[in-house]
Amino acid sequence: MNKVLYKPLNMAVSAAGGVLAGIAFKQIWKRVSGEEDAPNATDRDFTWTQVIIAAAAQGAIFGAVKAATERAGAVGYRKATGDWPTKD
């Protein structure tokens, strides 16, 4: 099979990963902080520490979910085609 088929698959997997990461972060933030929403950098009701911790946690969760979904997509592609997707 042509590796060009991997690009649309990767886009779909990445989009799904972004949605999953957003849901995961929101749930984790709610459980850890007791707040419904994480602070924005410009929200004056939160301290520097709260804003930086929220941003770091969000980045870590998004990075982990992105890596997991991209890896799963690559493994699924290999199982379906016998080829490992590589960047051209």
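Bear in mind that the values here come from a model prediction, so they are computed numbers and not experimental data.
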Q: Please determine which of Asp43, Thr42, Thr49 meets the side chain to side chain contact (heavy atoms under 4.5 Å, CB included) test together with Phe46.
A: Asp43
Are [X] and [Y] in one and the same hydrophobic cluster, where Ile, Leu, Val, Met, Phe, Trp and Tyr link if side-chain heavy atoms are under 4.5 Å apart?
| X | Y | value |
| --- | --- | --- |
| Val32 | Phe25 | yes |
| Trp29 | Leu20 | yes |
| Ile23 | Val13 | no |

Q | Lys30/Glu36 salt bridge by N-O under 4.0 Å criterion | A | yes
(Q) Would you say that Ser14 contacts Lys66 through its side chain, given a criterion of any heavy-atom pair below 4.5 Å between the two side chains? (A)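 No, side chains not in contact.
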Q: Taking the side chain as every heavy atom from C-beta outward, state whether Arg78 and Val75 have any pair of such atoms under 4.5 Å apart.
A: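 With C-beta onward as the side chain, the pair touches.
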Q: For residues Ile61 and Ala21, report the shortest heavy-atom separation together with the two atoms involved.
A: CG2-O, 3.9 Å
Q.
So which atom in Tyr77 and which in Asp83 form the shortest heavy-atom distance, rounded to 0.1 Å?
A.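 Taking every non-hydrogen atom into account, CD2-O, 3.3 Å.
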**Q.** Nearest-0.5 Å distance that lies between atom CG in Leu9 and atom CD in Glu70
**A.**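 Answer rounded to 0.5 Å: 11.0 Å.
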